4 protein chains.
Amino acid sequence: MKKKDMSKQAKIQDAVAAIILKEGPAGVSTTKVARRVGIAQSNVYLYFKNKQALIDSVYQRETQRIINTTALAALADETVALPERIRMYVQQVYDYSLAHPDSLTLLQQIKSLKGQGMELTVGADDPNNVVVRLLTAGVTAGVLKPLPVNLFMSLVFAVIHTHTTNVKNGLTSSTAVNFDTLYPLIWDAIRLG
Amino acid sequence: MKKKDMSKQAKIQDAVAAIILKEGPAGVSTTKVARRVGIAQSNVYLYFKNKQALIDSVYQRETQRIINTTALAALADETVALPERIRMYVQQVYDYSLAHPDSLTLLQQIKSLKGQGMELTVGADDPNNVVVRLLTAGVTAGVLKPLPVNLFMSLVFAVIHTHTTNVKNGLTSSTAVNFDTLYPLIWDAIRLG
Amino acid sequence: MKKKDMSKQAKIQDAVAAIILKEGPAGVSTTKVARRVGIAQSNVYLYFKNKQALIDSVYQRETQRIINTTALAALADETVALPERIRMYVQQVYDYSLAHPDSLTLLQQIKSLKGQGMELTVGADDPNNVVVRLLTAGVTAGVLKPLPVNLFMSLVFAVIHTHTTNVKNGLTSSTAVNFDTLYPLIWDAIRLG
Amino acid sequence: MKKKDMSKQAKIQDAVAAIILKEGPAGVSTTKVARRVGIAQSNVYLYFKNKQALIDSVYQRETQRIINTTALAALADETVALPERIRMYVQQVYDYSLAHPDSLTLLQQIKSLKGQGMELTVGADDPNNVVVRLLTAGVTAGVLKPLPVNLFMSLVFAVIHTHTTNVKNGLTSSTAVNFDTLYPLIWDAIRLG
DNA sequence: TATGAATGAGTGTTCATTCAT
DNA sequence: AATGAATGAACACTCATTCAT
């Protein structure tokens with residue numbers, strides 16, 4: 001029922017995601033994508049202007065999913081204490097990453113295609129970003145250490161992504177290490193004093 | 001003086017590194033490499049068995065450089081207290097990363113070529129690894145939090161790499177944030193209690 | 001009319017056959033084939049998975065032609081006497097070889113590509129082969145000499161192929177030496193007593 | 001002792017022969033030859049003007065060996081009866097082929113490189129050839145059938161080469177089928193009446 | 001005599017993209 | 001919306017050949 005309803009556009013994006021996860025971003029070719037979806041190669045160009053647009057769309061779809069899943073509004077709710085909101089932010093990343101273990105890997109892979117640095121961390125580029133504002137507020141309020149906030153975001157993603165990968169690879173059981181045992185690692189790191 | 005003495009082998013590796021940093025690992029082609037070095041394309045195969053061997057050699061050269069630069073022996077010196085040795089480890093990564101800002105990026109990019117996860121962190125694969133042993137000892141001794149050590153390594157690399165990239169991009173001045181201001185972020189995270 | 005109706009697949013195969021006959025099997029390259037057909041080189045791969053598949057298809061097409069042309073059923077007709085059927089077999093090879101003088105050469109050339117021996121002789125590999133069964137029956141019935149039947153087949157092909165080549169090169173007129181003058185050479189050889 | 005005394009020239013030729021037998025004539029490359037002999041690739045050009053000359057020399061060496069091994073003089077000895085001399089010729093081919101089972105295969109392979117026909121049969125090209133003269137005399141004297149002599153030679157080679165290959169592949173035991181059982185196949189074929 | 005370094009032309013193969021149907 | 005046919009450019013890799021040493 002799920003697969004049936006999917007637009008062909010989405011099917012193509014799924015194929016791209018699957019290939020990236022299996023063979024790395026360099027492995028994506030219109031031929032392979034089309035074969036996987038079961039359409040003609042040229043058909044890909046009916047839905048996407050070119051290969052770059054296709055890959056970009058996969059990237060954007062993935063980030064959008066994260067944004068949709070996370071309760072951004074709550075993070076901006078100033079009636080809640082900053083430490084509490086920061087914990088919520090980390091928890092959301094944690095939950096999402098555990099539920100969609102390939103999601104962060106996917107984004108990372110796509111980013112690596114281009115030769116830039118890799119300030120992944122979903123939307124850190126966006127100065128209006130909710131998370132950036134939250135963390136900046138934390139710094140200003142003396143709750144967090146006075147350091148660039150992208151260090152914090154980078155730390156959060158690295159720790160959680162590594163943990164998720166550990167779980168996925170069976171190196172760590174998700175009961176032995178859960179959010180409550182993992183969060184201190186992050187919170188101790190970033191909190192001031 | 002530097003360029004003149006370089007063997008052609010090294011020149012080719014340099015070209016590969018430069019391309020990876022500029023265009024990502026997918027951008028490496030024997031044609032481009034040869035053009036950059038100023039030799040015939042087929043010439044690449046005089047020095048490297050195939051493209052994979054070439055890229056692998058760049059990876060290994062880079063890791064070797066790190067190993068050569070860092071004083072691994074000191075990290076295993078049991079007459080020095082664990083917290084002190086851990087600090088030394090982080091400092092070495094920090095110093096190296098600042099001195100060779102592209103080095104970690106390069107390794108990360110090459111790793112991403114294949115569709116694996118990304119347990120980069122230089123030699124983390126090796127169970128006998130000095131760093132792994134150091135951190136494991138820290139956990140056992142109750143100095144570090146009881147968590148998988150690759151979480152720690154991942155954290156260290158993420159923080160330092162992001163910082164280095166910040167400095168390189170002019171987002172952070174290396175005087176405003178130096179090792180002494182950065183280290184607490186890491187130490188507070190991993191230490192127990 | 002002939003050329004127009006041909007599918008491009010067949011045109012490509014024709015080009016391969018022509019090149020093999022002119023330059024030997026080592027002379028076949030996708031570039032040359034494409035140039036001869038008047039298509040882009042990459043186009044070859046639209047019709048054939050790879051070069052080997054292309055050459056194999058030429059081989060198979062040729063054997064198929066032989067099979068289609070010859071009246072295999074008659075050779076298995078047990079109501080006809082063995083000597084008569086054997087003569088029919090040789091006659092069929094003779095007729096085919098004269099009508100398509102390059103056909104056997106082509107098959108031989110393709111076989112020689114690989115480093116094997118050359119048990120050419122069309123389908124001699126197949127133990128159920130009609131011809132093998134016919135000749136084996138001849139041996140059993142005491143009509144033919146008690147020798148391995150592939151010796152007979154080899155002899156038949158060699159004699160006829162050499163004759164055909166003689167005719168094609170103008171060394172022999174096909175009237176001076178016709179089937180009736182040639183057949184005794186073969187029949188005397190193989191018949192018992 | 002044998003290998004030690006061999007000139008490098010001969011070693012190179014041996015390598016070529018071995019490669020042809022293993023991979024077919026298309027598999028010969030200066031790189032592979034040099035590797036097999038244990039010399040530098042460029043070294044091949046010290047002994048042979050180019051690749052074609054090298055392969056030709058292998059061909060010629062092989063034919064020369066046959067000529068050296070066979071007692072040509074006896075074939076031309078007019079004091080011996082024609083049927084006897086013809087039998088000697090066939091026997092010589094038989095003996096040589098059995099002693100050097102790859103020899104004929106080698107010659108055949110080299111011939112196939114070029115796209116000509118394949119009137120192999122060692123020196124059949126040479127009109128003064130001893131064998132041609134012998135067989136022609138046989139025809140003239142009414143001992144052999146009045147047919148082009150290259151048909152006879154072709155037949156002789158095909159039968160013997162197939163037999164030799166059978167033996168080499170274990171399909172025929174060399175005792176079950178020996179010269180005396182094989183010769184009638186040939187003699188009955190070519191003799192008149 | 002021997003080598004290693006060098007190269008240009010060539011190989012088979014894959015690719016992103018276009019277009020007529 | 002969908003396809004198959006087409007193509008030029010790129011790719012990794014091999015080759016025969018040359019030349020300075």
Side-chain angles (χ1 to χ4, degrees), chain A residues 7-9 11-12 16 26-35 37-55, chain B residues 7-9 11-12 26-35 37-55, chain C residues 7-9 11-12 16 26-35 37-55, chain D residues 7-9 11-12 16 19 26-35 37-55:
Chain A
S7 80
K8 211 152 272 182
Q9 180 136 346
K11 274 189 201 162
I12 294 173
V16 171
V28 179
S29 84
T30 55
T31 321
K32 262 187 260 177
V33 170
R35 197 183 312 136
V37 178
I39 58 174
Q41 185 193 178
S42 61
N43 226 320
V44 172
Y45 288 84
L46 247 43
Y47 300 98
F48 300 95
K49 180 170 140 283
N50 54 31
K51 197 188 157 191
Q52 194 50 54
L54 167 54
I55 289 183
Chain B
S7 82
K8 208 151 279 181
Q9 180 138 341
K11 273 190 201 163
I12 292 172
V28 178
S29 86
T30 55
T31 321
K32 260 187 260 179
V33 169
R35 198 181 311 133
V37 178
I39 57 176
Q41 185 226 31
S42 59
N43 222 317
V44 172
Y45 290 85
L46 243 55
Y47 299 96
F48 299 94
K49 179 170 140 285
N50 53 32
K51 196 190 162 189
Q52 193 51 53
L54 167 55
I55 289 182
Chain C
S7 82
K8 207 151 279 177
Q9 180 137 342
K11 274 191 202 161
I12 293 172
V16 170
V28 178
S29 85
T30 55
T31 321
K32 262 187 258 178
V33 170
R35 197 181 310 134
V37 178
I39 57 175
Q41 184 224 31
S42 60
N43 223 318
V44 172
Y45 289 85
L46 268 150
Y47 299 95
F48 300 94
K49 180 170 140 285
N50 53 34
K51 195 190 162 190
Q52 192 52 53
L54 167 55
I55 289 182
Chain D
S7 80
K8 211 151 275 183
Q9 181 135 347
K11 274 189 201 164
I12 293 172
V16 170
I19 293 173
V28 178
S29 84
T30 55
T31 321
K32 261 186 258 177
V33 170
R35 197 182 312 135
V37 178
I39 58 174
Q41 186 193 177
S42 60
N43 225 319
V44 173
Y45 288 83
L46 247 45
Y47 300 95
F48 300 94
K49 179 169 141 285
N50 53 32
K51 196 187 155 192
Q52 194 52 54
L54 167 55
I55 289 182

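Note that this is a predicted model, so its numbers are computed, not measured. A note on names: the letters A, B, ... follow the listed sequences, proteins ahead of strands, and every chain is numbered from 1. Only this structure's heavy atoms are used, side chains among them; waters, hydrogens and symmetry mates stay out.
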How long is the line joining [atom1] of [X] and [atom2] of [N], in whole Å?
X       : N      : atom1 : atom2 : value
A/Leu54 : E/dA16 : CG    : C1'   : 12 Å
D/Ile12 : E/dT1  : CD1   : C1'   : 12 Å
D/Gln52 : F/dA16 : CD    : P     : 11 Å
A/Gln9  : F/dA1  : CD    : C1'   : 13 Å
D/Ile19 : F/dT14 : CD1   : C1'   : 14 Å
D/Phe48 : F/dT17 : CZ    : P     : 13 Å
D/Ile55 : F/dT17 : CD1   : P     : 10 Å
A/Lys51 : E/dT14 : NZ    : P     : 15 Å

* Taking only residues two or more places apart in sequence, or in another chain, which ones meet D/Thr30 in a side chain to side chain donor-acceptor pair (under 3.5 Å)? -> D/Gln41

* Asked: Which stems, defined as runs of 3 or more consecutive Watson-Crick or G-U wobble pairs with both pairing distances under 3.5 Å, involve DNA chain F?
  ->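 As far as DNA chain F goes, consecutive pairing (with distances under 3.5 Å) yields the stems E:2-21 with F:2-21.
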
* To do: Identify whether any heavy atom of C/Val28 sits under 4.0 Å from a base atom; if not, whether one sits that close to sugar-phosphate; answer base, sugar-phosphate or nothing.
  =>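 The answer is sugar-phosphate, as C/Val28 gets under 4.0 Å only of primed atoms, P, OP1 or OP2.
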
How far apart are the closest heavy atoms of [X] and [Y], and which atoms are they?
X       : Y       : answer
A/Asn50 : A/Tyr45 : CA-CE2, 3.8 Å
D/Gly27 : D/Ile19 : O-CG2, 3.6 Å
A/Ala26 : B/Ala26 : CB-CB, 4.1 Å

* Structure fact -> Applying salt bridge (charged side-chain N to carboxylate O under 4.0 Å, His left out) to A/Lys8 and not counting sequence neighbours gives none

* To do: Taking salt bridge (charged side-chain N to carboxylate O under 4.0 Å, His left out) as the test, write out the residues that go with D/Lys51, two or more places apart.
  => none

* Asked: If you measure from CD1 on D/Ile55 to CZ on D/Phe48, what distance do you get to the nearest 0.5 Å?
  -> 11.0 Å

* Asked: Does some side-chain heavy atom of A/Ile12 sit less than 4.5 Å from a side-chain heavy atom of A/Ile39?
  -> yes

* Asked: Are any non-hydrogen side-chain atoms of B/Lys32 and B/Val28 less than 4.5 angstrom apart?
  -> no

* Closest-nucleotide 5' rank along DNA chain F - winner of B/Thr30 and D/Tyr45 ->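 By nearest-heavy-atom nucleotide position, the 5'-most residue is B/Thr30.
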
Each nucleotide N or O in nucleotides 6-8 of chain F that has a protein N or O under 3.5 Å away: list the pair and distance.
unit_1, atom_1, unit_2, atom_2, d
F/dA6, OP1, C/Lys8, NZ, 2.6
F/dA6, OP2, C/Tyr47, OH, 2.1
F/dT7, OP2, C/Ala40, N, 3.2
F/dT7, OP2, C/Asn43, ND2, 2.4
F/dG8, N7, C/Ser42, OG, 3.4
F/dG8, O6, C/Ser42, OG, 2.7

* If only side-chain N and O atoms of A/Ser29 are considered, is one of them under 4.0 Å from the OP1 or OP2 phosphate oxygen of E/dC15? -> yes

* Comparing A/Thr31 and A/Lys49 on DNA chain E - which has the more 5′ nearest nucleotide ->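 Between the two, 5'-proximity favours A/Thr31.
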
